Amino acid sequence: MQITPSGLIESKLPAVKTTIFSSMSQLAQQHQAINLGQGFPDFDCDPTLIESVHQAMLAGHNQYPPMPGTPVLRQAIATKVSALYHAHYDADSEITITAGATQAIMTSILACVHPGDEVIVIEPAYDSYIPTIQLAGGIPVLVGMRFEDNRFSVDWDLLASKISLKTRCILINSPHNPTGMTFSTADLARLANIVRDTKILLISDEVYEHMVFDGNQHHSVASHAELAQRSFIISSFGKTYHVTGWKVGYVLAPKSLTAEFRKVHQFNVFTVNTPMQVGIAHFMHDHRHHLQLSDFYQEKRDVFRNALANSKFKLLPCDGTYFQCVDYSAISDRSELEFATWLTTEIGVAAIPVSAFYQEQKQNKLVRFCFAKKTETLNAALKRLQQI
């Protein structure tokens with residue numbers, strides 16, 4: 001009997017296909033549509049950051065850095081976190097530089113989830129969470145957000161009801177992709193009540209921490225001392241500094257959790273490119289680069305919202321991130337994927353169906369747009385959307 005290559009391996013992720021982000025971007029390219037689907041800027045980063053990395057290369061920072069990351073960058077992060085959240089993380093033993101946030105999420109899960117452990121995931125959820133839990137042998141336990149009056153919120157009572165003796169950790173995300181909602185201090189207090197007197201860990205995805213609007217503040221898990229003691233907290237320089245292709249992020253965690261994280265990290269990627277780390281550390285000395293980011297993106301958000309205020313789209317609240325969800329129920333009865341496909345092929349603007357962030361493809365007649373784009377890109381897309 002001849003064995004074909006496809007018969008040599010049994011997939012560990014049989015349900016995983018090409019991501020919706022890749023599919024919609026490919027469709028946008030085929031139809032010359034304006035891509036407001038995939039979540040990355042179409043504008044360049046600050047030239048000063050490029051120069052900082054260039055100077056790091058010229059200065060010889062081109063070999064392996066220490067496994068946890070360069071000391072200068074870890075110290076810069078410790079300084080930033082202390083100033084913003086009044087939380088003190090030791091740069092040597094509680095901060096690790098990662099190859100982007102997705103690697104940080106995977107390494108956190110692999111470090112703490114054993115086969116048969118349950119991990120609570122709040123849906124809609126970023127698409128890497130569940131496959132990573134499955135690769136670790138864990139069991140995803142899904143908790144749907146409450147969606148009432150065109151606003152998403154976490155149903156903490158429902159989440160609490162999902163806690164079992166097998167619950168190993170809870171994965172949370174604020175500011176939240178795709179909904180744009182943000183956690184309040186009341187949310188953190190409710191979460192603390194749920195996990196108190198348990199051994200449940202938290203993985204907090206905070207990659208959009210510097211994109212919170214209307215004068216509000218990001219309530220990091222780092223700012224809640226009780227929760228911080230059981231948490232891996234993840235952020236992304238790619239999101240903050242408009243360099244998503246650099247894939248540099250970091251993890252904050254207490255010393256004991258960091259020790260386990262690094263055991264996996266050293267065999268996962270070992271370390272992260274040196275000149276980017278040194279360049280970013282130098283760039284961070286000017287705090288305005290992250291402190292002014294909310295104003296920068298709020299201006300783009302407001303351009304987007306104002307242009308569609310009198311359209312047939314119903315705008316959901318956008319408290320943070322660079323994503324705007326809209327209700328299209330006054331326009332079409334199509335499913336979310338069908339509507340997003342129609343938008344791309346017929347209107348010339350690509351979006352992401354929010355149903356793609358659910359395992360069960362829940363239909364709320366919602367699509368997500370990314371407004372991290374040049375003004376001319378947004379204006380061209382909005383002109384097309386206004387005509388619907």
Side-chain angles (χ1 to χ4, degrees), residues 12 64-71 73-75 77-78 81 85 87-121 125-126 128-141 163-173 191-192 194-207 209 220-237 247-272 277:
K12 297 184 76 172
Y64 291 130
M67 181 268 288
T70 59
L73 181 54
R74 285 183 280 130
Q75 186 56 58
I77 293 166
V81 171
Y85 308 127
H88 304 289
Y89 284 84
D90 182 77
D92 291 330
S93 62
E94 297 181 320
I95 300 174
T96 308
I97 309 304
T98 63
T102 300
Q103 183 249 312
I105 292 165
M106 171 171 272
T107 303
S108 299
I109 290 171
L110 291 174
C112 67
V113 175
H114 294 259
D117 285 347
E118 294 180 350
V119 180
I120 292 178
V121 178
Y126 183 61
S128 83
Y129 297 167
I130 290 172
T132 302
I133 295 164
Q134 293 170 333
L135 286 173
I139 301 169
V141 176
I163 299 289
S164 77
L165 294 176
K166 293 183 178 181
T167 304
R168 171 71 293 214
C169 65
I170 302 171
L171 213 164
I172 58 177
N173 172 211
L191 180 58
I194 290 171
V195 299
R196 189 174 294 125
D197 300 324
T198 74
K199 293 184 178 180
I200 296 171
L201 299 176
L202 302 177
I203 299 174
S204 185
D205 178 354
E206 303 185 16
V207 298
E209 62 173 320
S220 173
V221 168
S223 67
H224 193 291
E226 182 182 356
L227 290 178
Q229 288 305 305
R230 61 174 78 228
S231 298
F232 298 94
I233 301 169
I234 295 160
S235 192
S236 164
F237 291 115
K247 298 298 292 179
V248 183
Y250 63 86
V251 173
L252 312 172
K255 185 175 181 178
S256 60
L257 297 186
T258 294
E260 294 304 313
F261 180 93
R262 289 178 179 177
K263 288 179 184 179
V264 178
H265 176 76
Q266 67 181 335
F267 299 117
N268 187 202
V269 295
F270 178 62
T271 191
V272 179
Q277 291 193 53

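Atoms considered below: every heavy atom in the structure, side chains included; atoms not considered: hydrogens, waters and symmetry mates. Bear in mind that the values here come from a model prediction, so they are computed numbers and not experimental data.
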| query | Are any non-hydrogen side-chain atoms of T107 and V269 less than 4.5 angstrom apart? | reply | no
| Quick one: does T102's side chain get under 4.5 Å of T132's, heavy atoms only? | no
| Just how far is it from atom CG of D205 to atom OG of S235, taken to the nearest 0.5 Å? | 9.0 Å
| field | Straight-line distance of M106 CE to T98 OG1, nearest 0.5 Å | value | 12.5 Å
| task | Quick one: list whatever passes ring pair (Phe, Tyr, Trp, His ring centres under 6.0 Å) with F261, sequence neighbours left out. | result | H265
| request: Just jot down the side chain to side chain contact (heavy atoms under 4.5 Å, CB included) partners of T70, sequence neighbours excluded, or say none. | output: P65, V72, L73, T274, Q277, V278
| remark: By side-chain hydrogen bond (donor to acceptor under 3.5 Å, both in side chains), R262 pairs with (sequence neighbours left out) T96
| Is there side-chain contact between V119 and P140, with at least one heavy-atom pair below 4.5 Å? | no
| request: Ignoring hydrogens and angles, tell me if any N or O in the side chain of E206 forms a donor-acceptor pair with the backbone of V221 under 3.5 Å. | output: yes
| field | Residues in side chain to side chain contact (heavy atoms under 4.5 Å, CB included) contact with Q75, at least two apart in sequence or another chain | value | A78, T79, A91
| Which atom of A99 lies closest to which atom of V272, heavy atoms considered | N-CG2, 3.4 Å
| remark: Residues at least two apart in sequence or cross-chain that pass salt bridge (Lys or Arg N to Asp or Glu O under 4.0 Å) with K166, listed by chain then number, are none
| request: Not counting sequence neighbours, which residues clear side chain to side chain contact (heavy atoms under 4.5 Å, CB included) with A192? List them please. | output: R196, H224, E226, L227
| request: Not counting sequence neighbours, which residues clear ring pair (Phe, Tyr, Trp, His ring centres under 6.0 Å) with Y64? List them please. | output: F270
| task | Specify the closest pair of heavy atoms between T198 and I194, including all atoms of both residues, with the distance to one decimal. | result | CG2-O, 4.1 Å
| field | Donor-acceptor under 3.5 Å (T167 side chain, S164 main chain) | value | yes
| note | The side-chain hydrogen bond (donor to acceptor under 3.5 Å, both in side chains) partners of Y126 (sequence neighbours excluded) come to none
| task | Step by step, work out the side-chain contact (heavy atoms from CB on, under 4.5 Å) result for L257 and V251. | result | CA-CA 10 Å; L257 297 186; V251 173; over 6 Å; no
| said: Any heavy-atom pair between the side chains of V121 and I133 that's under 4.5 Å? | reply: yes
| field | Of all pairs that satisfy salt bridge (Lys or Arg N to Asp or Glu O under 4.0 Å), the ones with a partner from residues 90-113, not counting sequence neighbours | value | R74-D92
| For S256, what residues pass the side chain to side chain contact (heavy atoms under 4.5 Å, CB included) criterion, not counting sequence neighbours? | none
| note | Scanning both residues in full, the closest heavy-atom pair of L201 with C112 reads CD1-CB, 3.6 Å
| remark: Rounding to 0.5 Å, atoms CD1 (I203) and CD1 (I233) come to a distance of 11.5 Å
| message | If we ignore hydrogens and angles and just use 3.5 Å, is the side chain of R168 paired with the main-chain N or O of G138 as donor and acceptor? | response | no
| query | Between S220 and S223, which heavy-atom pair has the shortest distance, and what is it? | reply | O-OG, 2.5 Å
| request: With sequence neighbours excluded, tell me which residues meet ring pair (Phe, Tyr, Trp, His ring centres under 6.0 Å) with Y89. | output: none
| Any salt bridge (Lys or Arg N to Asp or Glu O under 4.0 Å) pairs touching residues 96-118, not counting sequence neighbours? | none
| task | First locate atom CD1 of I97, then atom OG1 of T271, and finally report the distance between them rounded to the nearest 0.5 Å. | result | 9.0 Å
| task | Please tell me if the side chains of I163 and I120 come closer than 4.5 Å, counting only heavy atoms from C-beta onward. | result | yes
| remark: For P254 and S231 the tightest heavy-atom approach is CD-O, 3.4 Å
| field | Nearest non-hydrogen partners of I109 and A136, listed with the distance | value | CG2-CB, 4.0 Å
| said: Within the structure provided, determine whether L202 and L191 are in side-chain contact (heavy-atom separation under 4.5 Å). | reply: yes
